[in-house]
2 protein chains.
Amino acid sequence: MAARRVTIIDVARRAGVAVSSVSSALNGRPGVSESTRERIVQVANELGFVPSLRAKSLSGRRAFTVGLVVHRDPDVLELDPFFGGFIAGIEEAIDPRGYALVLQVGARGDEVHQRYRKLAADRRVDGVFMVDLEVDDPLIALVQELQVPAVAVNSGDDSPLPAVRQDANAGIRETVQHLAALGHRRVAYVGGRPHLLHSLQRENAWRAALAESGLTPGPVVTGDFTYLGGAAAAATLLALPDPPTAVMCANDLSAIGFITQAESMGIDVPGKVSVAGFDDIQFGTYVRPALTTVRTTPRELGRESGRMLIDLIETGEVDDVTVPDARLVVRDSTAPVPPGR
Amino acid sequence: MAARRVTIIDVARRAGVAVSSVSSALNGRPGVSESTRERIVQVANELGFVPSLRAKSLSGRRAFTVGLVVHRDPDVLELDPFFGGFIAGIEEAIDPRGYALVLQVGARGDEVHQRYRKLAADRRVDGVFMVDLEVDDPLIALVQELQVPAVAVNSGDDSPLPAVRQDANAGIRETVQHLAALGHRRVAYVGGRPHLLHSLQRENAWRAALAESGLTPGPVVTGDFTYLGGAAAAATLLALPDPPTAVMCANDLSAIGFITQAESMGIDVPGKVSVAGFDDIQFGTYVRPALTTVRTTPRELGRESGRMLIDLIETGEVDDVTVPDARLVVRDSTAPVPPGR
DNA sequence: TTGAAAGCGATACCAC
DNA sequence: GTGGTATCGCTTTCAA
């Protein structure tokens with residue numbers, strides 16, 4: 001049988017002080033002389049006192065827990081480069097501060113709503129991360145209604161929620177400039193799931209960058225961030241009477257799908273068409289040709305999000321944060337425009 | 001400002017009964033007449049009463065939370081086919097029963113130990129999942145010492161912990177039989193990280209299956225479950241004076257690495273060498289040739305693990321469970337042995 | 001500065 | 001059956 005837990009009362013008794021003094025001493029609150037504090041700390045260590053999280057939660061009205069609801073199909077999750085790093089980053093930030101992460105997965109929209117409602121009703125978490133935000137996402141209104149502290153990841157500039165962002169613009173601009181410098185004038189775009197905010201952001205960045213380079217947008221295919229979507233886009237774009245000489249894809253997975261499809265159509269990459277991705281997944285370094293892409297840093301995003309959320313929970317306010325830009329990584333899937341095009 | 005929470009006292013007052021009766025009524029405990037129970041439930045609904053999880057935790061000595069500590073590098077996680085499905089499965093099982101999952105990530109061994117210790121000291125979770133078990137894993141002793149209920153996933157047959165297993169034997173036997181039927185006599189093996197229990201299990205299964213088919217084991221390369229490891233194994237095995245005509249890899253990722261390396265050495269797959277993987281990751285269906293592999297079902301494992309862990313927490317004992325066997329999926333990376341070999 | 005006592009919101013035991 | 005109350009282990013007022 002487990003020995004009875006050492007409680008704050010044991011510490012108080014042993015140190016010959018009141019429990020309130022122990023509490024103040026151990027939580028660094030004022031109201032105890034330095035000498036008693038030292039004695040209390042000493043005794044607490046001797047006794048191996050660990051304050052009960054449950055009791056703290058009940059009396060302190062905090063769960064010391066934050067939540068992440070992943071609105072995605074588990075199968076999609078398998079190929080997702082974001083969450084592993086993001087979660088690791090969150091952990092780095094919250095663990096030292098005594099918080100833990102509750103993770104929930106749900107594919108369907110209504111399901112996700114229910115998760116948030118339940119999380120809030122149970123007061124299981126003190127705050128939540130909002131990722132994969134959609135345009136006019138109803139979840140934003142939901143967490144506001146629920147009064148749950150929340151930080152948004154890569155939300156729009158007009159986010160009503162505190163936000164941490166990694167700007168895609170810089171990386172995409174670099175990519176477009178890189179392609180332009182290689183002589184490409186007809187640059188197509190393979191988008192991601194259109195209602196997702198970051199799909200829009202990326203596409204807008206692409207348009208803006210083209211304009212800056214004095215180019216007009218090439219054909220655009222609406223994709224879905226999947227391998228198969230990228231392959232389908234290749235089938236469409238490369239069958240065009242005047243096919244693009246370069247393609248920017250909304251993520252690496254679709255870029256890889258695009259490349260595979262192109263090659264199976266006998267169209268060489270990057271000989272006939274240059275392809276660039278976005279994310280910098282590991283597979284991008286393994287495929288042939290190795291993928292030119294924009295490197296994002298989910299771990300930094302997670303770390304900053306975690307820090308922000310806890311600051312928000314504990315102080316009630318935080319400033320938005322921007323992590324260093326996503327940057328272009330040039331590999332082998334982009335090359336000078338073929339002669340005669 | 002958030003309205004004051006509706007408590008059990010409010011419900012009791014409104015229903016004109018004692019709080020203890022409300023508690024009994026709402027938790028389906030005996031000791032209340034059917035009529036008062038109905039009235040209480042009615043009132044609770046009217047008032048929108050949601051019992052406080054925090055108070056329940058403190059008085060009921062349960063956190064209604066279970067933990068998963070992932071002993072892995074976040075970068076590796078990115079390509080891992082297991083956790084997405086596994087976590088989704090856990091959730092399916094625990095959410096309806098009122099539990100949530102705390103996820104922690106840690107790469108270094110001592111770090112992981114500390115996580116478990118902290119989880120236990122804080123009593124943050126009521127139980128934990130043990131995955132990626134190593135041979136003579138010290139974590140098993142740790143959770144026993146810590147007295148934390150735990151279920152082991154794919155542990156050895158002599159596990160001191162309740163376990164849920166998916167047998168790799170059947171699938172690997174099928175694979176070997178498939179290769180044997182194609183005429184292969186010289187079947188190599190590319191292993192996984194050697195101290196991991198499931199690496200051993202898979203290699204043993206391979207040996208046993210070969211023996212059953214009357215074949216002697218081909219060359220074995222110790223891998224590490226990575227793409228690069230698979231590629232390195234190909235470089236080694238295919239440079240042998242008498243190279244194998246077929247290779248079984250400990251997982252799909254290394255199989256894909258193997259294939260890529262083989263082809264870059266000008267050795268056709270499956271023309272010159274057949275390659276089979278293990279896991280059935282999505283990429284396996286995208287690569288050319290599409291990968292012959294053994295399909296595992298992490299989601300089922302998660303679901304059963306979740307169910308078991310909660311049963312264990314609530315009843316103190318459970319029986320081991322075996323989910324349906326991993327099965328062979330034949331695609332294009334395996335073919336008849338080339339003539340003359 | 002220190003200590004006593006009132007919450008926090010349930011569960012569970014024990015009278016009646 | 002039902003109602004009162006001690007208990008879980010802290011935090012936080014408020015007197016002394």
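Letters go in sequence order (proteins before strands), and every chain restarts at 1. Scope of the values below: all heavy atoms of this structure, side chains included, with no hydrogens, waters or symmetry mates. Computed from a prediction, not measured in an experiment: that's the story for all the values here.
Between the side chain of A:Ser59 and the base of D:dC10, a donor-acceptor pair under 3.5 Å is found.
Atom pair A:Phe49:CZ and D:dG9:C1' shows a separation of 8 Å (rounding to whole Å applied). Rounding to whole angstrom units, CG of residue A:Leu26 and C1' of D:dT11 are separated by 13 Å. Following rounding to the nearest Å, A:Leu53 (CG) and D:dT11 (P) show an atom-to-atom distance of 11 Å. Spacing between atom CG of A:Asp122 and atom C1' of C:dA10 amounts to 13 Å, rounded to whole angstrom units. Note: CD (A:Glu314) to C1' (D:dT11) measures 15 Å, nearest angstrom. Atoms CG (A:Asn27) and P (D:dG9) sit 17 Å apart, rounded to a whole Å. Spacing between atom CZ of A:Arg61 and atom C1' of D:dT12 amounts to 9 Å, rounded to whole angstrom units. Separating the CD1 atom of B:Ile9 from the C1' atom of C:dG7 is a distance of 10 Å, rounded to the nearest angstrom.
Using a 4.0 Å heavy-atom criterion, one finds that A:Ser24 contacts no nucleic acid atom at all. Among the heavy atoms of the strands, none lies under 4.0 Å from A:Arg54. In this structure, A:Ser33 reaches the sugar-phosphate backbone alone: every heavy-atom distance under 4.0 Å involves primed, P, OP1 or OP2 atoms, never a base. Using a 4.0 Å heavy-atom criterion, one finds that B:Val19 contacts the bases of the nucleic acid, with or without backbone contacts as well. Using a 4.0 Å heavy-atom distance criterion, B:Ser20 is classed as a base contact.
Taking the six-membered ring for Trp and thresholds of 30 and 60 degrees, A:Phe83 and A:Phe86 have ring planes more than 60 degrees apart, a perpendicular arrangement.
In the displayed structure, B:Asp136 atom CG is contacted under 6.0 Å by at most 12 heavy atoms of other residues, nucleotides or ligands.
In this model, no donor atom of one side chain and acceptor atom of the other lie less than 3.5 Å apart for B:Ser20 and B:Ser23. In summary, the side chains of B:Thr36 and B:Ser33 do present a donor paired with an acceptor at a separation below 3.5 Å, with no hydrogens or angles considered.
The two residues B:Val102 and A:Ala100 come nearest to each other via the heavy atoms CG1-CB, 4.0 Å.
Across C:dT2, C:dG9, D:dT2, the shortest atom-to-atom separation from the side chain of A:Ser21 is found for C:dT2. The side chain of B:Leu58 lies closest to D:dC8, out of D:dC8, D:dT11, C:dC8. Closest to the side chain of A:Lys56, from the set D:dG4, C:dA12, D:dT11, is D:dT11.
Nearer the 5' end of DNA chain D, as judged by each residue's closest nucleotide, is the contact made by B:Arg39, out of B:Arg39 and B:Ala55.
Within the 4.0 Å cut-off from OP1 or OP2 of D:dT11, at least one side-chain nitrogen or oxygen of A:Ser23 is found.
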